[in-house]
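Order of listing sets the numbers, starting from 1, for every ligand and every atom in it.
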Amino acid sequence: MLRLLFLGDVIGEPGRKAVIEMVPRLKQAWGIDFVVVNGENAAAGRGITGKITIDLLRAGVAVITSGDHIWDQKEVVSYIETEPRLLRPINYPPGTPGRGSIVLETAKGKVGVINVQGRTFMQPSLENPFRLVDEEVRRLRAETHVIFVDMHAETTSEKIAIGRFLDGKVSAVAGTHTHIQTADEQIFPGGTAFICDAGMCGPTESVLGREIQPIIQRFISSMPVNFPVAKGEVKLHGILVDIDPSTGKAKSIRRVAEPYVVEPDASAEADRAVPDVAAVGSDRVSLHRSQIVRDL
Ligand SMILES: [Fe+2]
Ligand SMILES: [Fe+2]
């Protein structure tokens, strides 16, 4: 079994600090083989830099996906050409810097990752995600059946539609962009794990990761306001998916909502259970670490 952790939009310094510290711990505690994070808000809430990309990769992240904020830090336009593990949505026009997919070799076989962006209520409006992702999945399946798709989109309908469209063709489809984790994790009949939105990695006392009052003020005044990244308690939101590497089909999906603990004591760390939400899969049981390790 190949265990994949996907974490949603990393928000600014609090989010990336939590991800950088927690990913190595979670990999060890949960037996994770492959980590993907969405980094589109990692630089002060806007885009990502080369340095942050390197910091995330060094922490054990295999691939960084993104979305509509990918170009917010101007340096990324040239940097993305040098780092194939940093993806931008695949449905940009031909000639756009960077790539929207990658296949990486792991100890348990090749893993493909595709980043695609929706069009409903999204700017800029990109090329048809269904057509583009279909082409890319066909191309990647020549190399591997283990494929993860980050669908960066606003509406639940567009995300579910692309999940259903890809059912049986990829291992998992997770939505990002809304920063709020949805409770609809499931495995479709063809074996594709799905969640409408993985949620964010950022401050919980916030509005989508930003300070609360400026956002309220913006809604009240309709005037331009700065939206600083919030402070305080941070949670990592995402999904943990077990995939059969021989078929590419998902066996279980669990939601992750893990508080960032600065310095856990050793005993607490040893007891860290995998997410206590029952796994959606063929064996619907509440799994704890000891059971998970046996399953591997
Ligand atoms: Fe985002
Ligand atoms: Fe976004």
Under a 3.5 Å cutoff, is there a donor and acceptor pairing between the side chains of Thr65 and Asn115? no

Round to 10° and report the angle made at the Fe ion (ligand 2) by NE2 of His152 and OE2 of Glu40. 100°

When you check the side-chain N and O atoms of Thr53 and Glu83, is any donor under 3.5 Å from an acceptor? no

Any N/O/S atom, side chain or main chain, of His69 closer to the Fe ion (ligand 2) than 2.8 Å? no

Are more than 12 heavy atoms from other residues, nucleotides or ligands located less than 6.0 Å from atom CG of Asn226? no

Can you tell me if an N/O/S atom from Met200 lies under 2.8 Å from the Fe ion (ligand 1)? no

Could you tell me whether Arg119 and Glu127 make a salt bridge, using a distance below 4.0 angstrom between a side-chain N and a carboxylate O? no

Geometry at the Fe ion (ligand 1) - His179 NE2 versus Asn41 OD1 angle, rounded to 10 degrees: 90°

Measure up the Phe148 and Phe6 rings against each other and bin them: parallel (under 30°), tilted (30 to 60°), perpendicular (over 60°). tilted

Closest to the Fe ion (ligand 2), which N/O/S atom of His177 is it? ND1

To the nearest 0.5 Å, atom CD1 of Ile220 lies from atom CZ of Arg218 at 12.5 Å

For the Fe ion (ligand 2), which N, O or S atom of Asp68 is at the shortest distance? OD1

So that I can check it, does any N, O or S atom in Asp9 come closer than 2.8 Å to the Fe ion (ligand 2)? no

